[in-house]
Amino acid sequence: MTTQHHDVLVIGAGVSGIYQIKRLTDLGIDAIVLEGDDDLGGTWYRNRYPGARFDSESYTYGYSFSKELLDEWHWNEMFSAQPENLRYLNYVADKFELRQHMRFDTRIETMKWDEDQRRWHLSTSTGDTYSCRFVITSLGPLSIPTLPNYEGMDLFNGPSFHTWSWPKDPVELEGKRVGVIGTGATGIQVIAEIADKVGELTVFQRRPNWSAPLNNRTISDEEMAAIRDRYDEIFANCAASPNGFEHVPDPRRFWTVTEEERRRTWDELYEQPGFAILAANFADIFFDEKANQEVTAYIADRIRQRVKDPETAEKLIPTDHGFGMQRLPLETHYFEAYNRDNVHLVSLAETPIERITATGIQTTAQHHDLDLIVYATGFNAITGGYDQIEITGTDGQTLGEKWNDGPSTYVGVLTTGFPNMFMVAGPQSASGSTNFPRAIETGVNWVTGLIQHVVENGVTRVEARPEAEQAWVDEVVRAHERMLFRTSKGWFTGYNSNVEGHQEGKIRYQAYFGGAPAYAAKVNESTANGYQDLDLS
Ligand code: NA7
């Protein structure tokens, strides 16, 4: 067996990997992308479930690096759906001839640092081996789905799958009795989309989530032309806003505004597209418990207005966390789905699932006869992709051992003990907490600049200084603790209740909440001071 040698290996051909390989090959660097799936697209390749779409305005999601690309691409909807998003990523890859640098069906199983050679050695599921000077992991923060482990899951006679593995071939829904387990961002999208397409729909909800209208619509040719004219401004706005969107927080302090005015503001925000209700709200709702309680009560009332049956409405209203304290799912007619006669809500808090049977789901109250079970049960988020690969750094330490209680990184890109490994959109970067592709570009650009620097200066080893890493972790914790996330169970604000073994109340500090501008300032400062936080040799 021969080992293939490259200067840089990029792992993952999703949104980050595609941009990363573009930047590296533009510089003439010898690099390829290794992708476990049989095609590119990552999130948008895998999430084929009905209702999967951006929660970011489409024109803030696309790449900003090519004026030609921006001029050519027409987004059809404010919040574009999965098939279109996958077409877009393929268009980008084909336009810039990036496929030639990608190897599919190549899942990395182990990565081992060789201190003598200053190289990484990688092995794949197919038995192939690679070696390289630098590894860039663009593994995706939501790429390792988590399934429950209910007794009898393998006994179910009908089709059953995680939303991440929704089949490529059309799934027959008409007239079927469908069960959906999970009511996160994914469950909420799929439930709303299929409610009127199935026979009966039973939703198994462990904890309700706050959710607000996406307010999607199509984009006309004229509007798209106006967007194209405004792209520079759009990306500048995103770069300047804390969350990476065009939405900016209301500049007024919560308590300086009358209650009547606050309600008027929320009435307006509730009708606005995307994350406006969160990102253009008063910033105090994230820091001040009383302010958060008030907006929470407002959103709860909105749910009560939209769901006809009061008992169902109450079941859909979270009581364990305030509005905005977990990643907010955005919805289109989600709450109205529960007004349909064919949609049934089962609260697992009241009647837990006992087991899956050959014909459906048995709860403590009754048996639900089903033809299809959809697991919308989320992901081992942010660090999950790293758990899948046995990554061995200096002194034989594995990354899993180092990160057992949660990740520890320098700006979400490097982690001490694992030299020459750069994480794009990694744990403790700003990616998970802001408009994802905007933060990806910040990360890829920084990593590319660093690689350019080391190549030009004959550097063969790059490692974050332990004190610089600790300072960043402290900053991540400080930014988190300023917010009201203390009791969150969500995947990026808390400990992630989807993953068995993650301990309730033990926050893993997976994302940086200081905002997109502060994050960009930090990495730019690192470059400007000649990478003093890094040990370059
Ligand atoms: P989420 O938001 O983590 O939601 C997962 C859902 O699945 C959530 O309602 C969980 O309930 C539920 N869940 C998880 N495990 C179980 C078990 N064992 N039994 C019942 N219910 C369970 O993941 P999503 O895929 O919806 O969204 C991920 C991101 O994708 C999203 O934020 C966007 O960025 C795109 P819980 O709340 O833990 O009680």
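Read the numbers this way: they start at 1 and go in the same order the structure lists the ligands and their atoms.
Ranking protein heavy atoms by distance to atom 23 (O) of ligand 1, first place goes to Gly378 CA, 3.2 Å. Scanning all protein heavy atoms for the shortest distance to atom 3 (O) of ligand 1 gives Asn498 ND2, 2.7 Å. Closest protein heavy atom to atom 18 (N) of ligand 1: Pro148 CB, 3.3 Å. Closest protein heavy atom to atom 25 (O) of ligand 1: Thr186 OG1, 2.6 Å. For atom 30 (O) of ligand 1, the closest heavy atom belonging to the protein is Leu142 CD1, 3.6 Å. The protein heavy-atom contact nearest to atom 2 (O) of ligand 1 is Gly184 CA, 3.5 Å. Of all protein heavy atoms, the one lying nearest to atom 31 (C) of ligand 1 is Ala185 CB, 3.4 Å. Protein heavy atom in closest approach to atom 9 (O) of ligand 1: Thr183 N, 2.9 Å.
Listed by number with element, the atoms of ligand 1 under 4.0 angstrom from any heavy atom of Gly182 are 6 (C), 7 (O), 9 (O), 12 (C). Counting atoms of ligand 1 from 1 in the listed order, those under 4.0 Å from a heavy atom of Arg207 are 36 (P), 37 (O), 38 (O), 39 (O). Counting atoms of ligand 1 from 1 in the listed order, those under 4.0 Å from a heavy atom of Ile181 are 20 (C), 21 (N).
Looking at Asn243 and Asn435, their side chains never bring a donor and an acceptor atom within 3.5 Å of each other.
Of all the heavy atoms of Ala376, the ones lying under 4.0 Å from any atom of ligand 1 belong exclusively to the backbone.
Taking the six-membered ring for Trp, Trp75 and Trp73 have ring centres closer than 6.0 Å. The six-membered or imidazole ring of Phe422 lies away from that of Trp446, with a centre-to-centre distance of 6.0 Å or more. For His247 and Phe275, the distance between ring centers is not under 6.0 angstrom.
In this comparison of Arg206, His162, Gln205, the heavy atom closest to atom 11 (O) of ligand 1 sits on Arg206.
Ligand 1 is approached by Tyr150 to a heavy-atom distance shorter than 4.0 Å.
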>> With side-chain hydrogen bond (donor to acceptor under 3.5 Å, both in side chains) as the criterion, how do Tyr410 and Thr415 come out once you've worked through the C-alpha distance, each side chain's angles and the decisive distance to 0.1 Å?
In response: CA-CA 6 Å; Tyr410 173 70; Thr415 187; over 6 Å; no
>> What verdict does the side-chain hydrogen bond (donor to acceptor under 3.5 Å, both in side chains) test give for Glu354 and Thr364, after you've listed the backbone C-alpha separation in whole Å, the side-chain angles of each residue and the deciding distance to 0.1 Å?
In response: CA-CA 6 Å; Glu354 283 186 335; Thr364 50; 5.6 Å; no
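Nearest heavy atoms, Glu35 versus Ala13: OE1-N, 2.7 Å. Between Leu330 and Pro213, the closest heavy-atom pair is CD2-O, 4.3 Å.
Open room surrounds CD on Glu289; 12 or fewer heavy atoms of other groups in view lie less than 6.0 Å from it.
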